[in-house]
Amino acid sequence: MNYWLMKSEPDTFSFQDLKNRPKQREPWDGVRNYQARNFMRDAMKPGDLVLFYHSNTKPPGVVGVAEIVSEPYPDPTAFDKKSKYFDPKSKVESPRWVLVDVAFKKDLKSMVSLDMMKLMPELEDMKVLQKGNRLSITPVQEPEFKAIVAAGSKK
DNA sequence: GCCAACGTTGGC
DNA sequence: GCCAACGTTGGC
């Protein structure tokens, strides 16, 4: 099993929004970056655990744990002319963009902010902490995942 | 709101 | 295939 960090702007889709969904799950649509797509398409498996990260907010950080609950499948928003994620180059016969479904797993007692993460020696090599990183989906090592969940389990 | 970092596009 | 221009991300 693998671990991931997935970013979302809470104004667009927050961890609370995920929790409030009827089945507490949501298709992770709108990814339009090839590296991030390849992670979903080639490496993610149902059961993988996800650090749900709020970006572009004060403060940014990990707010909860989610779980991958589907195989990859074509992102329907790419075919939808009305969607802001519409991509005319993605054809139904040969979809360019895929997504997976993500489900609520558990809350953290407290957010693990980016500032806190930077102070944790276990997270030295984490991609999300490296300068200039803009990837919305990054792989996480098991010790990194556990360190963040442990930090977020404290009051 | 600024701007550094990075990805994509398109002319050549 | 190079690279300048442009768009986006996301911390600050």
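Here is how names work: the chains are called A, B, and so on, in the same order as the sequence lines, proteins then strands, and each is numbered from 1.
- Atoms CZ (A:Arg32) and C1' (C:dG7) sit 16 Å apart, rounded to a whole Å.
- When rounded to the nearest whole Å, the span between CD of A:Glu9 and C1' of C:dT8 equals 10 Å.
- Between A:Tyr53 and the phosphate of C:dG11, there is a side-chain N or O to OP1/OP2 separation shorter than 4.0 Å.
- Using cut-offs of 30° and 60° on the angle between ring planes, the pair A:Phe52 and A:Trp28 is perpendicular.
- Counting to the nearest Å, the P atom of C:dG11 and the CG atom of A:Asp11 are 13 Å from each other.
- Summarising the geometry, the separation between CZ on A:Arg134 and C1' on B:dG7 is reported as 6 Å, rounded to the nearest angstrom.
- Across the protein-nucleic acid pair, A:Lys58 atom NZ and C:dC12 atom P stand 13 Å apart, rounded to whole Å.
- Distances shown here put a side-chain N or O of A:Lys7 below 4.0 Å from the OP1 or OP2 atom of C:dG10.
- Nearest to the side chain of A:Pro60, among B:dG7, B:dT8, C:dG11, sits C:dG11.
- The aromatic rings of A:Trp4 and A:Phe39 sit tilted, their planes meeting at an angle between 30° and 60°.
- Separating the CG atom of A:Asn56 from the P atom of B:dC2 is a distance of 16 Å, rounded to the nearest angstrom.
- Here the P atom of nucleotide C:dT9 and the CG atom of A:Leu5 are 16 Å apart, to the nearest Å.
- In this structure, A:Lys89 does not reach the B:dT8 phosphate: none of its side-chain N or O atoms is under 4.0 Å from OP1 or OP2.
- A donor-acceptor pair is defined here as one N or O able to donate and one able to accept, closer than 3.5 Å; no such pair exists between the side chain of A:Arg96 and the backbone of A:Asp87.
- Of the possible polar contacts, one joining the A:Asp48 side chain to the A:Asn2 backbone as a donor-acceptor pair under 3.5 Å is found.
- The CG atom of A:Asn133 sits 10 Å away from the C1' atom of C:dG10 (whole-angstrom rounding).
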